[in-house]
Amino acid sequence: MTEGISQPDQPETLEGGSKDLFSKFDDIIQMREGLLASGVEDPFNLVMEKVLSPTRAICNGRDTILLGTYNYMGMTFDPDVIDAGKQALADFGTGTTGSRVLNGTYQGHRECEEALKEFYAMDHAMVFSTGYLANLGIISTIAGKGDYIILDIDSHASIWDGCAMGNAEVVPFKHNDVEAMEKRLRRLPEDAGKLVILEGVYSMLGDVAPLKEMVAVAKKYGAMVLVDEAHSMGFIGENGRGVVEDAGVIDEVDFIIGTFSKSVGTVGGFCVSNHPKFEIMRLVCRPYVFTASLPPSVVATAETSIRKLMHGHNKRAHLWENSKRLHKGLTQMGFELGTKEPQSAIVAVIMPDLEKGAMMWEALLKEGLYVNLARPPATPANMTLLRCSLCAEHSDEEVGTILGMFERAGKSTGILGQTSDQSEGS
Ligand SMILES: Cc1ncc(COP(=O)(O)O)c(C=O)c1O
């Protein structure tokens, strides 16, 4: 049992007979206990004792290759980025202790927003304290009563929570299905406000949205378009602007949401837009106004990282090589993957069930490899996934080592049958 999480002897009702508010979590508590009873290490409670580089950490006392951190461009240990953070810490202190609209906007927040405007070649940029808050804030503020939000059913939790926080009517459509999206749009009142929400890369399976077609359909029905590029910023597109750039629709989308917690290598979120009235968001968007702004060291690291990502062509090319090689190697071994072809820096390995998935996760950790275990309800179609995210700093040698680890763990857990001779890890 994990410390502080489950208390099986807890009575179901409280003194006076009222229901324990925690009883709604009984199913998940049971699932977790069942999993841990099978003897596997808790996959949701790993501690990194020391982080050595963007691709290595000490976990359980062992040197471990990191393949599940979404640190796509490996900026977390970039010397310029670290120096910028140290300097800001020394010059501006540890935190702003205030909201962006009061005492929480320092020079660094403005400079970070300038870097984002340059990175995307857009007129406006607004930095939030996380990507979660950026989605929560922008979606709930722009789509209100009488408006419609048309969104992919596999949207990230922060998008759904943004919808739940606002008063718009929410109309989901089947994942990445252009026709289903058009069918929903066709039925909506012509004069109503409409916001279509898409993601560039969907993080569970690592698949890319058909943005060219989807944006064209959204525009045909007069909808505004918001694209969350959390998993593509820095990597996809000629300048790393995301799938919107790759698909040639960046000038047609109204809002791009992103995060600093992946390619940028720190924490924070943002929205960029060309909408002429965008700046009013700073006064009306509650998750921007009613929370403290990012510490000066964080915005300084983000700004430096974003400026370096503008020139990250070589890193982008190497990351593509890594992704293609891992995808090909795992396919050849006989693993079932989330996409037939590599579409992003995420390679999702589909597990037969949660128990096997947890066994494989643990076997990989013992080999010295960390990946993300994902399970329902976060995953589509009740899948259990080992989500691998590659980094531009993974060396060729590390990718080879990773393949060997997958092969051994796959065999020892029985998930892989007899591996074909052509597999790269054999
Ligand atoms: C698609 C998507 N949007 C938004 C977020 C939230 O980003 P942050 O970690 O900055 O809160 C994530 C994070 O996992 C994400 O995957």
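For this chain, numbers begin at 1 and follow the sequence in order. Order of appearance sets the numbers: ligands from 1, and atoms from 1 within every ligand.
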Indicate whether the side chain of [X] and that of [Y] have a donor and an acceptor atom separated by less than 3.5 Å.
X      : Y      : result
Arg375 : Thr384 : no
Ser129 : Thr291 : no
Glu355 : Ser38  : no
Glu279 : His124 : yes
Tyr132 : His156 : no

Ligand 1 and [X], any nitrogen or oxygen pair closer than 3.5 angstrom?
X      : answer
Ala230 : no
Glu199 : no
Lys262 : yes

For ligand 1, which atoms sit closer than 4.0 Å to a heavy atom of [X]?
X      : value
Thr130 : 10 (O), 11 (O)
Asn135 : 3 (N), 4 (C)
Ser158 : 3 (N), 4 (C)
Gly268 : 10 (O)

In the protein, which heavy atom is nearest to [atom], and how far is it?
atom                    : value
atom 5 (C) of ligand 1  : His156 CE1, 3.5 Å
atom 16 (O) of ligand 1 : His231 NE2, 2.7 Å
atom 9 (O) of ligand 1  : Ser261 OG, 2.9 Å
atom 6 (C) of ligand 1  : Tyr132 N, 3.4 Å

- [ ] Assess whether atom CZ of Arg282 is packed by more than 12 heavy atoms of other residues, nucleotides or ligands within 6.0 Å.
- [x] yes
- [ ] Kindly check if the number of other-residue, nucleotide or ligand heavy atoms within 6.0 Å of CZ (Arg62) is above 12?
- [x]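 Enclosed.
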- [ ] Quick one: look at Ile159 and ligand 1, take heavy-atom pairs under 4.0 Å, and tell me if it's side chain, backbone, both or neither.
- [x] neither
Open item on the list: Counting only heavy atoms closer than 4.0 Å, does ligand 1 sit against the backbone of Asp228, its side chain, both, or neither?
Closed with: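 Side chain only.
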- [ ] Report yes if the distance between the aromatic ring centroids of Tyr221 and Tyr148 is under 6.0 Å, otherwise no.
- [x]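 For Tyr221 and Tyr148, the ring centres are not under 6.0 Å apart.
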- [ ] For the pair His394 (side chain) and Leu66 (backbone), establish whether a donor and an acceptor sit closer than 3.5 Å, ignoring hydrogens and angles.
- [x] yes
